[in-house]
Amino acid sequence: MTAILALHRHGPDDVPPLVLLHGFPLDATMWDDVVALLPDLPVLTVDAPGFGASPAPGAVAEALGRSADPALETYADAVAASLRDAGIDRAVVAGLSMGGYALLALAERHRGLLMGAGLLDTKAEADDDAARANRAQVAEAAAERGSEAVAPMLTQVLGTTTQAERPGVVDRMRDALAAAPPEGIAWAQRAMAARPDRLAALARLDVPVLVLRGAEDAMSPQAAAGTMAQALTDVEVVVVPHAGHMSAVEEPRAVADALRRLYERSV
Ligand code: MLT
């Protein structure tokens, strides 16, 4: 059986892999610079439903026999099924922002899969009403105007240092936002709006965990990272200087080093 989601293998073909789940509204290529710094590790990057080379969300839900309602549970089940189809029943999994939300759904529904977990620029709390209303607006705008709906994210996802000093990263992020698929944008916004608080699922994780955040992340506050870290016993907390919400794109060396430590603690 072929995997439901697109999995991209890098480095040695060993198990267990380090599985990386990207942020919204990007795809697995978000991890390219991090992957290049981990040539000796078995890394698998994954495209979320409706992003990169993965099928549309409706097809993913249908393949799993799940409702077509946008849900991160569908994404998490698809990750677990895709890994199983690839012969992988245990993995170290890390996710950035939306990828972290999907990882927390994986922790709730497929805890036995996880040997270690990396939560990057993300949070365990559910959205408040204002955030949900904003997501509904972006989802509607994506249906009407396509990727233009996410163009304003450019200055929100990049830290002030990157905006001032790394024009190449700014251009790359602008291009990635312009290329974001409208159906994926709308589905992901609705799925993220529907996610519950998953602090309890996080607290039940008895594997090594990394909680990492860019020091200039304006979207995932330090308090949210602190709440996650306090719920855990085996946790390394990393704050990456000079990086915003897209820490893995802005400061790939620091993120790759932290992921390597997580992998080594976990396997
Ligand atoms: C992301 O980077 O995945 C998004 O900012 C997540 C979100 O909108 O909450």
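Counting from 1, the numbers follow the sequence of the chain as shown. Order of listing sets the numbers, starting from 1, for every ligand and every atom in it.
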Please output the residues near ligand 1 using a strict heavy-atom distance under 4.0 Å, listed in chain and residue-number order.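 Within 4.0 Å of ligand 1, protein side: G23, F24, S97, M98, Y101, R135, M192, M219, H245, M246.
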For [X], all residues meeting side chain to side chain donor-acceptor pair (under 3.5 Å), sequence neighbours excluded:
{"X": "D47", "result": "H8"}
{"X": "T29", "result": "D27"}
{"X": "E73", "result": "R198"}

- prompt: Does a donor on one side chain and an acceptor on the other come within less than 3.5 Å for T155 and Q163?
  reply: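 Absent: no donor and acceptor within the cut-off.
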Q. Is the closest side-chain donor-acceptor distance between H245 and D217 under 3.5 Å?
A.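 H245 vs D217: donor-acceptor pair found between side chains.
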message = Please check this pair: side chain of E250 against backbone of G159, looking for a donor-acceptor N/O pair closer than 3.5 Å.
response =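 Yes; at least one donor-acceptor contact below 3.5 Å.
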